[in-house]
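Structure first, commentary second.
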Amino acid sequence: MNKYLVAIMEGDGIGPEISKVAVDVLETLNELFDLGISLQNVEGGDGALKNFGKALPPYTVEVLKNCHACLKAPVGESAADVIVKLRQIFDLYANVRPSRVFPSVRALKPNIDLVIVRENTEDVYKGVELDLGDAVVALRPITKKACERIAEYAFNLAKTRAKRKVTAVHKANVLRKSDGLFLETCRRVAKRYQDINFDDMLVDAAAMSLIRDPERFDVIVTTNLYGDILSDEASQVVGGLGLAPSANIGENFAIFEPVHGSAPDIAGKGIANPLGMVLSVSMMLDWFFTRFSDQNSKSASEVLVSAVYSILKKGVKTPDLGGNYTTNQVGEELKRELIRLSKPM
Ligand code: NAI
Ligand code: MG
């Protein structure tokens, strides 16, 4: 039975190479766990701009409206016209970016396990810049509604985690009104979650703490631009951008994609790390559990994470992690491991 329609956007640069592995993994899990997922390809990015004159063709948006989720590879120079637009069109208000230590991957500290929850629809990403002649002004809209729902998302996520802690990151000492509203809203929401520890931190101090004491963090909730910057930093703190997954979550639709870009410097060489996109698949399956209470999907997500840990432990790594495996070889090892882990003991 087909329960979920998932759109696949293969993207640009290394996108098609890592998509091949991620789709293969998804199809393997679909069979092993009888997930009922069917796939549909959609166009988007520099390739679509060249072929159809639009980085985000209207047809793609129409197809996505009928899908439960989208698995998206990175796109190139047109990223702002694709993912930033999609976040706004589908109101994907929560950008969730976990950073956890992985086996055999060098991290700054041994017990890092944090998630950045980034507000995904406003701030300077609204793209409102005014040209005033000799000056340019960028507007930074921050609304109470967006602050409230992102804070709610962060506290609810913290409830499911061991440390049960939320840190709001801001610059309310300078941006008194905009970040002031964000901080004040987080504080108000925190009162409704008495069982969750809450603190706040200035963004510059948070950038430093992510290096000096990353184990102090659990869930970080922040506005759009700070979240963009801190999440790249956090991915490096646990060993690299190539491993970092993310989710763009809305009420009824979500897009899952690796944090990194299209890596034109290594495109076509067959050495891109596919695991950031593969772990985005596991976030998608976990979201199917949250959204549709699909226990099967939850099990598939957990097995996928175990398989990733297990191949890394064996030293199956692409060059960015110091290994010498190709993208496809990582995919093959992963598939073998998935089949092994899903067999009844
Ligand atoms: P990037 O993330 O593509 O690359 C930064 C560095 O990390 C490069 O040295 C690259 O080789 C390496 N890297 C990234 N992913 C890797 C992987 N999976 N395996 C091994 N190494 C990997 O960032 P950059 O160079 O700033 O941007 C390149 C293009 O990507 C730009 O055109 C940008 O617009 C686009 N981009 C798209 C995004 C999206 O679609 N969501 C997000 C970020 C950037
Ligand atoms: Mg970014």
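Quantities reported herein were computed from a predicted structural model and do not represent experimental measurements. First listed ligand is number 1; within each ligand, the first listed atom is number 1.
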For this session: Among all protein heavy atoms, pick out the one at the shortest distance from atom 32 (O) of ligand 1; state its residue, atom name and that distance to 0.1 Å.
Result: Glu77 OE2, 2.7 Å
Exercise. Taking the minimum heavy-atom distance to atom 15 (N) of ligand 1, which of Gln236, His260, Met9 ranks first?
Worked result: His260
Problem set entry | Ser231 versus Glu233, side-chain donor and acceptor atoms under 3.5 Å | no
Exercise. If you draw a 6.0 Å radius around OH in Tyr59, do more than 12 non-hydrogen atoms from other residues or ligands fall strictly inside?
Worked result: no
Problem set entry | Exceeds 12 heavy-atom contacts within 6.0 angstrom, atom NZ of Lys54 | no
Problem set entry | Residue portion contacting ligand 1 (non-hydrogen atoms closer than 4.0 Å) for Val75 | both
For this session: Check whether any side-chain heavy atom of Phe198 sits under 4.5 Å from a side-chain heavy atom of Cys186, and report yes or no.
Result: yes
For this session: Report the nearest protein non-hydrogen atom to atom 34 (O) of ligand 1: residue, atom name, distance rounded to 0.1 Å.
Result: Gly76 O, 2.9 Å
For this session: Determine yes or no for a side-chain-to-main-chain donor-acceptor pair under 3.5 angstrom, with Thr326 supplying the side chain and Ile271 the backbone.
Result: no
Exercise. Can you find a non-hydrogen atom of Gly276 under 4.0 Å from ligand 1?
Worked result: no
For this session: For Ile14, take its heavy atoms, then give the atoms of ligand 1 lying under 4.0 Å from any of them.
Result: 17 (C), 18 (N)
Problem set entry | Donor on one side chain, acceptor on other, Ser280 and Glu257, under 3.5 Å | no
For this session: Answer side chain, backbone, both or neither: which part of Ala79 comes under 4.0 Å from ligand 1, heavy atoms only.
Result: side chain
Exercise. Of all the atoms in ligand 1, which lie at a distance below 4.0 Å from a heavy atom belonging to Ala272?
Worked result: 19 (N)
Exercise. Which of these, Val84, Leu243, Asp265, has its nearest heavy atom closest to atom 10 (C) of ligand 1?
Worked result: Asp265
For this session: Would you check whether Ala73 has a nitrogen or oxygen atom less than 3.5 angstrom from a nitrogen or oxygen atom of ligand 1?
Result: no
Exercise. What are the atoms of ligand 1, with element, lying closer than 4.0 Å to any heavy atom of Pro74?
Worked result: 40 (O)
Problem set entry | Any non-hydrogen protein atom less than 4.0 Å away from atom 3 (O) of ligand 1 | yes
Exercise. Quick one: which of Leu241, Asn248, Leu275 has a heavy atom closest to atom 7 (O) of ligand 1?
Worked result: Leu241
Problem set entry | Min side-chain heavy-atom separation Asp113-Arg161 under 4.5 Å | yes
For this session: Taking 2.8 Å as the upper limit, name the protein N, O or S atoms near the Mg ion (ligand 2).
Result: Asp228 OD1
Seminar exercise, completed: shortest atom 30 (O) of ligand 1-to-protein heavy-atom contact is with Ser262 N, 2.9 Å
For this session: With side-chain contact (heavy atoms from CB on, under 4.5 Å) as the test, would you mind laying out the steps for Arg149 and Thr121 before giving the verdict?
Result: CA-CA 11 Å; Arg149 67 180 175 173; Thr121 59; 4.1 Å; yes
Exercise. Considering only heavy atoms, does Pro264 approach ligand 1 within less than 4.0 Å through its side chain, its backbone, both, or neither?
Worked result: side chain
Exercise. Hey, are Thr222 and Arg118 close enough side-chain-wise for a donor-acceptor pair under 3.5 Å?
Worked result: no
Exercise. What residue and atom, counting heavy atoms only, is the protein's closest point to atom 41 (N) of ligand 1, and at what distance?
Worked result: Glu257 OE1, 3.2 Å
For this session: Give a yes-or-no answer on whether the side chains of Thr318 and Asp320 include a donor-acceptor pair shorter than 3.5 Å.
Result: yes
Exercise. Between atom NZ of Lys109 and atom CD1 of Ile112, what is the distance when rounded to the nearest 0.5 Å?
Worked result: 7.5 Å
Exercise. Just heavy atoms, cut-off under 4.0 Å: does Asn273 contact ligand 1 by side chain, backbone, both, or neither?
Worked result: both
Exercise. What protein heavy atom sits nearest atom 22 (C) of ligand 1, and how far off is it?
Worked result: Ile266 CD1, 4.1 Å
For this session: Among residues two or more places apart or on two chains, list those pairs meeting side-chain hydrogen bond (donor to acceptor under 3.5 Å, both in side chains) that have a residue in residues 167-176.
Result: Thr167-Asp199, His170-Asp200, Lys171-Asp204
Exercise. Hey, does Met283 have a side-chain heavy atom less than 4.5 Å from the side chain of Phe256?
Worked result: yes
Exercise. Applying a 4.0 Å heavy-atom criterion (strictly less than), which segment of Ile271 is in contact with ligand 1: side chain, backbone, both, or neither?
Worked result: neither
For this session: Return yes when Lys72 approaches ligand 1 closer than 4.0 angstrom through a heavy atom, no otherwise.
Result: yes
Exercise. In this structure, are over 12 heavy atoms from other groups packed under 6.0 Å from Lys314 atom NZ?
Worked result: yes
Exercise. Looking only at side chains, do Tyr4 and Asp294 share a donor and an acceptor under 3.5 Å apart?
Worked result: yes
Seminar exercise, completed: Of all protein heavy atoms, the one nearest atom 13 (N) of ligand 1 is Ala263 CB, 4.0 Å
Exercise. Could an N or O of ligand 1 be found under 3.5 Å from any N or O of Gly261, whether backbone or side chain?
Worked result: yes
Exercise. Between the side chains of Asn252 and Arg291, does any donor sit under 3.5 Å from an acceptor?
Worked result: yes
For this session: May I ask you to check whether Tyr93 and Glu122 show a side-chain donor-acceptor distance below 3.5 Å?
Result: no
Exercise. Within a distance of under 4.0 Å, is there any protein heavy atom near atom 24 (P) of ligand 1?
Worked result: no
